[in-house]
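I have placed the structure first, in the form of structure tokens, so that the comments after it can refer back to it.
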There are 2 protein chains.
Amino acid sequence: MHILYTDCAHEIRRSTLLPIQETNLATIYDIAKAAGVTAATVSYVLSGKGSISQATREKVMRYASELGYRPNLIARSLIKQETHTIGLVIPHIINPFYAGIAETVERSAYARGFRTMITNTYEDERLGAELLEDLAARRVDGIIALPGGLSFSAIQSMIASGLPVICCLWEEEEGQEVSLAVGLDFKRGGQLVAEHLLGLGHRRISVIVDVKANGRIDHHLRFTGCQEALANAACPLDAALVSNGDSSLESGEAAAHQLLHLPNPPTAIFATNDLMAIGAMVAAWKLGMRVPADLSIIGFDNIALAPFTSPPLTTINVDRDRLVKLALDLLLSIIEGKQLEPPPLLAPELIARASTAICPASR
Amino acid sequence: MHILYTDCAHEIRRSTLLPIQETNLATIYDIAKAAGVTAATVSYVLSGKGSISQATREKVMRYASELGYRPNLIARSLIKQETHTIGLVIPHIINPFYAGIAETVERSAYARGFRTMITNTYEDERLGAELLEDLAARRVDGIIALPGGLSFSAIQSMIASGLPVICCLWEEEEGQEVSLAVGLDFKRGGQLVAEHLLGLGHRRISVIVDVKANGRIDHHLRFTGCQEALANAACPLDAALVSNGDSSLESGEAAAHQLLHLPNPPTAIFATNDLMAIGAMVAAWKLGMRVPADLSIIGFDNIALAPFTSPPLTTINVDRDRLVKLALDLLLSIIEGKQLEPPPLLAPELIARASTAICPASR
DNA sequence: TTGAAAGCGCTAACAT
DNA sequence: ATGTTAGCGCTTTCAA
């Protein structure tokens with residue numbers, strides 16, 4: 001009796017409120033009605049919980065597939081208070097470094113039962129805050145946040161509201177670190193670059209570094225790491241040899257173009273990410289310079305493309321798989337209510353390929 | 001009275017069922033209670049509908065921000081029967097071509113009030129079907145589906161269930177097209193390649209084409225378009241000069257390596273996507289060949305990176321912005337219940353850069 | 001202008 | 001082993 005009543009109500013509502021052409025998907029009530037049981041029973045067999053007789057189970061399953069039943073995860077999320085969805089906030093998916101991260105996060109999260117919503121900030125903090133708000137409104141279970149387009153306050157406000165946020169690869173001045181983070185030893189990365197270039201005999205070394213319009217150095221740590229190592233080797237960085245970019249191919253080319261037109265141009269260029277390094281490579285090519293014979297170029301990130309530039313790009317590797325695993329472990333453990341210690345900084349690693357070579361002057 | 005009762009029930013439930021540390025976000029009931037009105041009233045002021053006195057409106061708004069209210073989009077979705085979310089299914093975000101599409105879709109959809117769930121199939125049809133099912137279970141309002149990892153039957157089953165699906169850039173034999181699609185004239189793209197290479201005097205032309213393990217040519221149309229144009233110019237494609245890849249950098253390099261070791265190697269290589277073309281460029285570089293002096297290379301897609309390879313890559317441009325706009329227009333109009341005519345095929349365009357040049361033999 | 005009440009599709013405690 | 005019931009947070013019709 002109750003079933004009939006409920007069902008009736010369903011039908012009334014549907015015919016009045018929903019657009020006509022909509023093919024309504026079956027609900028557990030439809031299955032229940034067909035199988036002559038109650039919705040709770042259907043829920044039990046579908047979820048595999050409770051104790052249900054084999055006969056009922058089979059009957060329900062049959063009708064479920066017959067009616068093309070597809071669970072409504074929205075309804076499930078509402079009652080369970082969890083969406084099994086995480087948010088991933090990155091600056092720009094067009095940068096293969098972030099695309100690689102996004103891929104790994106999506107894959108690993110999916111393997112652990114979570115879907116991920118990938119969102120780009122385009123380095124815009126207003127948009128970034130808005131996107132975070134929206135993710136929270138959509139009740140994602142947690143967020144993995146990469147820097148660029150995300151202000152500290154925006155992050156803090158999420159955390160304050162009880163939403164787990166893991167900050168990944170943030171590169172701030174010491175002391176500004178957020179508590180739940182998995183980071184990389186960027187400073188060491190910068191050092192490795194300096195050591196590599198110095199070891200090849202380079203003395204006139206340029207750096208193309210990502211600096212935002214507001215003057216903030218985005219790649220602060222990798223820059224100072226390099227700068228300090230150079231100074232320690234009695235080969236301090238010449239300010240005239242430092243140029244700015246915005247992490248894009250275009251900016252890398254423009255910066256290199258400018259540097260290579262200097263009266264006393266550099267023999268090596270360190271671009272603080274691979275995209276700018278690739279931009280620098282074309283700039284050299286367009287000037288008829290050969291890499292690495294005339295000019296050494298080194299990047300940072302080791303994007304999937306790095307081994308496939310002509311010549312293959314020397315760069316600093318970031319262990320993406322490990323990074324993502326740590327971040328996800330941290331996030332999911334918090335979601336499950338456990339507390340995990342944030343891991344130590346990951347160690348960068350120099351990958352020597354063919355874009356760097358002995359300094360011509362020192363030959 | 002009722003408010004108190006309801007609220008009481010809320011609190012009981014919360015304290016018994018939810019994990020302890022969870023910071024519960026305010027609901028409209030919390031606001032209602034604080035403001036001394038009913039939940040319906042709160043809903044009205046928040047949505048801007050209904051007629052509400054200025055005084056009530058302000059009071060509600062004040063408490064809303066005071067309590068840090070964030071709407072629960074899950075609850076909203078459940079009752080409104082719409083999530084304002086679309087699904088985007090692509091093979092592999094690591095391919096900059098798809099990253100570009102994904103970026104454009106996300107941006108444009110967001111501008112129109114929709115979030116997008118980006119999902120990768122990794123060319124795995126089993127996974128693809130699973131992901132589609134999941135998107136449907138999450139009740140996305142519609143799906144934009146790119147080929148690779150998506151079987152016809154999986155798509156059909158979504159459409160049959162009433163979920164709008166727009167197929168983008170499918171490259172199938174004629175007659176197999178899906179109804180709601182926005183496509184590109186791939187065949188014409190292949191022709192453009194052939195004409196360009198022929199015009200530069202090349203006769204020994206290689207093609208590196210994406211062929212799946214099951215023998216299906218993924219880049220079928222761009223391949224046959226080129227093949228036919230070559231045949232029409234009395235310069236039929238030599239089967240020995242055709243090699244297979246899987247759209248990856250690696251496969252492009254491997255295929256080119258093999259082709260360039262042939263007793264009578266090609267003077268030009270057409271890779272059916274830019275990634276393989278870039279792979280081919282390194283292969284040439286590793287063999288000490290100069291592009292384009294010794295070997296011309298042409299790709300397909302015009303990824304953001306194409307102008308920044310050394311030398312910049314000649315390729316076929318796909319108007320991504322227009323493509324995405326058309327797909328989104330189509331999808332959103334269907335979601336809104338309107339019907340729109342699928343647009344005509346987009347026209348590809350050859351972008352001549354520096355990776356192709358006059359055939360050395362014909363100089 | 002506001003309140004009462006029903007219901008979106010599902011889960012889970014409790015009762016039988 | 002199965003049914004009853006309440007409720008997740010919200011929207012919306014209907015009544016007052």
Side-chain angles (χ1 to χ4, degrees), chain A residues 1-3 5-14 16-18 22 24-33 35-57 59-60 69-83 137-139, chain B residues 1-3 5-14 16-18 22 24-33 35-57 59-60 69-83 137-139:
Chain A
M1 269 321 220
H2 171 70
I3 294 172
Y5 164 73
T6 311
D7 203 72
C8 215
H10 274 226
E11 272 157 24
I12 288 165
R13 165 153 280 254
R14 281 177 181 178
T16 46
L17 292 187
L18 296 179
E22 178 123 343
N24 285 306
L25 289 82
T27 72
I28 54 170
Y29 282 96
D30 300 322
I31 301 177
K33 183 184 168 194
V37 294
T38 220
T41 305
V42 175
S43 174
Y44 286 134
V45 353
L46 258 24
S47 69
K49 293 176 187 168
S51 45
I52 300 289
S53 76
Q54 189 56 27
T56 317
R57 183 178 305 279
K59 198 161 42 169
V60 166
Y69 175 76
R70 234 191 300 256
N72 186 328
L73 260 34
I74 297 294
R76 180 129 78 204
S77 293
L78 184 57
I79 189 141
K80 302 259 293 218
Q81 301 280 69
E82 59 182 32
T83 52
R138 284 168 190 274
R139 297 298 190 269
Chain B
M1 270 323 219
H2 170 70
I3 295 171
Y5 164 73
T6 310
D7 203 73
C8 215
H10 273 226
E11 270 154 27
I12 289 165
R13 165 154 281 255
R14 279 173 185 179
T16 46
L17 291 187
L18 297 178
E22 179 123 343
N24 287 304
L25 290 83
T27 71
I28 54 170
Y29 282 96
D30 300 322
I31 301 177
K33 184 183 167 193
V37 294
T38 219
T41 305
V42 175
S43 174
Y44 285 135
V45 354
L46 258 26
S47 69
K49 293 177 188 168
S51 44
I52 301 288
S53 76
Q54 190 57 24
T56 317
R57 183 178 305 279
K59 197 161 44 168
V60 166
Y69 175 76
R70 235 192 298 257
N72 185 327
L73 262 31
I74 297 294
R76 179 130 78 206
S77 293
L78 183 57
I79 189 140
K80 302 259 294 220
Q81 301 280 69
E82 61 183 29
T83 52
R138 284 167 190 273
R139 298 298 190 265

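Values below: every heavy atom of this structure, side chains too, minus hydrogens, waters and symmetry copies. Quick note on labels: first sequence line is chain A, next is B, and so on, each numbered from 1.
B:T56 and B:S53 form a side-chain donor-acceptor contact under 3.5 Å, judged by distance and modelled atom types alone.
Of the side-chain N and O atoms in B:T38, none sit less than 4.0 angstrom from OP1 or OP2 of C:dT2. B:K49 has no side-chain polar atom (N or O) that falls below the 4.0 Å cut-off from OP1 or OP2 of D:dT11. Between A:S43 and C:dT11, a side-chain N or O to OP1/OP2 separation shorter than 4.0 Å is present. The phosphate of D:dG9 (OP1 or OP2) has a side-chain N or O of A:Q81 nearer than 4.0 angstrom. Contact check, B:R76 against D:dT11: a side-chain N or O comes under 4.0 Å of OP1 or OP2. Using a 4.0 Å cut-off, no side-chain N or O of B:T41 falls inside it from OP1 or OP2 of C:dT2.
Residues A:I74 and B:I52 both approach DNA chain C. Their nearest nucleotides, taken by heavy-atom distance, put B:I52 toward the 5′ side. Checking A:L73 against B:S53, the closest nucleotide of DNA chain C that is more toward the 5' end is the one next to B:S53. Between B:S47 and A:Y44, it is A:Y44 whose nearest contact on DNA chain D lies nearer the 5' terminus. Mapping B:A40 and B:A75 onto DNA chain D via the closest heavy atom, the residue that lands nearer the 5' end is B:A75.
The distance from the CG atom of A:L73 to the CD1 atom of B:I74 is 9.0 Å, given to the nearest 0.5 Å. From A:L46, atom CG reaches atom CZ of A:R57 across 10.0 Å, with rounding to the nearest 0.5 Å.
Contact check for B:Q81 versus B:R139: no side-chain heavy atoms found under the 4.5 Å cut-off. Between B:V42 and B:Y29, the closest side-chain pair of non-hydrogen atoms is not below 4.5 Å.
Of all nucleotides listed (C:dG3, C:dC8, D:dC8), C:dG3 comes nearest to the side chain of B:V37. Distances from the side chain of A:Y69 to the nucleotides D:dC10, C:dC10, C:dC8 place C:dC10 closest. You'll find that the side chain of B:N72 is closest to D:dC10, out of D:dC10, C:dC8, C:dT11.
One interatomic measurement links the two molecules: NZ of B:K80 to C1' of C:dG9, which rounds to 18 Å at whole-angstrom precision. In this structure, A:R138 atom CZ and D:dC8 atom C1' are separated by 19 Å, rounded to whole Å. Counting to the nearest Å, the C1' atom of C:dG9 and the CG atom of A:L25 are 12 Å from each other. Distance, B:L78 CG to D:dC8 C1': 9 Å, rounded to whole Å. Atom NZ of B:K33 is separated from atom C1' of C:dG3 by 18 Å (rounded to the nearest Å). Between the CZ atom of B:R139 and the P atom of C:dG9 there is a distance of 8 Å, rounded to whole Å. For B:R57 and C:dT2, the CZ to P distance is 9 Å, given to the nearest whole Å. When the C1' atom of C:dG9 is taken as reference, atom CD1 of A:I31 falls 11 Å away, rounded to whole Å.
Across all strands shown, A:T56 has heavy atoms under 4.0 Å from sugar-phosphate atoms exclusively, and none from any base.
With hydrogens and angles disregarded, no donor-acceptor distance shorter than 3.5 Å links the side chain of A:S43 to the backbone of A:A39.
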